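In what follows, chains carry the letters A, B, and so on, assigned in the order in which the sequence lines appear, proteins first and then strands, with residues in each chain numbered from 1. Computed from a predicted structure; not experimentally measured.
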Protein chains: 2
Amino acid sequence: MAEAEDNTRERLLDQGERLFAEKGFSAVSVREITAAANCNLAAINYHFGSKQRLYLAVFRERWAHRARRVRQHFLETLAGKPRRGLEDVIGAMANAFLEGPMSEAERRCHIQLMQREMADPGDALNMVIEEVMRPYILEITDMVRPHLNGFVDERRLRLSVLSILGVILYFFLARPAVSRVVEQEYDSRFKPELVSHITAFSLHGIHSLNQE
Amino acid sequence: MAEAEDNTRERLLDQGERLFAEKGFSAVSVREITAAANCNLAAINYHFGSKQRLYLAVFRERWAHRARRVRQHFLETLAGKPRRGLEDVIGAMANAFLEGPMSEAERRCHIQLMQREMADPGDALNMVIEEVMRPYILEITDMVRPHLNGFVDERRLRLSVLSILGVILYFFLARPAVSRVVEQEYDSRFKPELVSHITAFSLHGIHSLNQE
DNA sequence: GTCTATAGCAGGATAGAC
DNA sequence: GTCTATCCTGCTATAGAC
């Protein structure tokens, strides 16, 4: 994310991602992106062919890479706890997204881009689902399963892991609404409280699989 | 939502809402809206002053009204169960959003519009939060509180109710991702399964408030 | 209230010099 | 690879006839 001065192409990816996340694809102009990247108006078409293809490149060359870093952070957090419980898995998940390896600006960028792609499904969404979300959820599912008693319906297990992700993303995306409902700013005191709430809520939620 | 033939203004609100929800504010042109509403290009400016003010009118005159219907449905579902448990409250909540008084098209429209406004906070978001979300969440909080044992921290209680809403909205908005992860289409067999999962997960989740 | 016509501008894309 | 200049399409908004 740091101003990569080495070449125009990189700067276009950086600024393109930032602006697409901030305002959405249609609301950003190539003029705005090239100005922010401090290069010529024609550069997007030269390097990527079109505005649309810059958008796709952002997902392939920036977003996907960052998603791998988030997963890596999640795995490393868990590696530090060899006798891990279910709570550790869920805590690491919430942590990776809400306090993980990204700066605040990166996190906002990353999650907003995904949200926008969900709202307007395009070619990028396939990549995001198949190469990132699906394998990630299934990986976590495998980590969660051994902690549950007896037979667990696979579909309900996946729904539960998805629900956890849903809660995490919601508290990030609905920030203004959450803030006003609990009458509390998203400051550095509130964030750990949020992570601990999400972990506790989800931990009990997932135990609904045991008790029926 | 049904093609209101009475006057141009109403048709503009209907089609405007549909298209804004489908594509987002910037991606829709007034030409597209007026064509869909089967009226003249100049009609938006005559009736609302500008495209932006049509967007605001959609929230004030359509979205907010529909939100009241959802709340009404929720209250009526509960009114039928005088000795209601916590499960009934949560079930009614999930039901109001996912199978409630809206047609599928209306539901999609309603929830997508809110999602887009969350992504690009503008004047409409204030109205949505203050006049709809906040009172609704607080009302549900009051219904949930008596079912919990002993002293409950108010902020954590509100976070829990927000989490439930988060799970519900997530399963609606992340539909393509959910579908691919659980390998299951969103058909009429799957939906009740989803509602029952959300209810069970959230019910256990909210009991995290009791057990600490 | 609804129409046509158009002003006035911003958009993405490209050609061709350097 | 980067620049300028420009094409052309599409946009919002408005003026003014009906």
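The interatomic distance linking A/Ile44 (CD1) with D/dT4 (C1') rounds to 17 Å, in whole Å. Straight-line distance from the CG atom of A/Asn45 to the P atom of D/dT4: 16 Å, rounded to whole Å. Residue B/Tyr46 contributes atom OH, which lies 15 Å from atom C1' of D/dA17 at whole-angstrom precision. Across the protein-nucleic acid pair, A/Glu32 atom CD and C/dG12 atom P stand 9 Å apart, rounded to whole Å. In this structure, the NE2 atom of A/His47 is 17 Å from the P atom of C/dG12, given to the nearest Å. Regarding B/Tyr55, its OH atom lies at a distance of 15 Å from the P atom of D/dA13, rounded to whole Å. Between A/Leu41 atom CG and C/dA10 atom C1' the separation is 12 Å, expressed in whole Å. When rounded to the nearest whole Å, the span between CG of A/Leu12 and P of C/dG12 equals 13 Å.
Remark: B/Ser29 is not in phosphate contact with D/dG10, judged by side-chain N or O atoms under 4.0 Å from OP1 or OP2. Put simply, B/Asn40 has a side-chain N or O that comes within less than 4.0 Å of OP1 or OP2 on C/dT4.
A salt bridge links A/Lys23 with A/Glu32: at least one charged nitrogen is closer than 4.0 Å to a carboxylate oxygen.
Nearest heavy atoms, A/Val144 versus A/Leu157: CG1-CD1, 3.8 Å.
If you check D/dC3, D/dT2, C/dG12 against the side chain of A/Thr8, the one that comes closest is D/dT2. Closest contact between the side chain of B/Ala42 and the listed nucleotides D/dA13, C/dT4, D/dC3 involves C/dT4.
In this structure, a donor-acceptor pair under 3.5 Å is absent between the side chains of B/Arg69 and B/Gln72.
Ring pair B/Tyr186/B/Phe190 is perpendicular by interplanar angle, where above 60° counts as perpendicular and below 30° as parallel.
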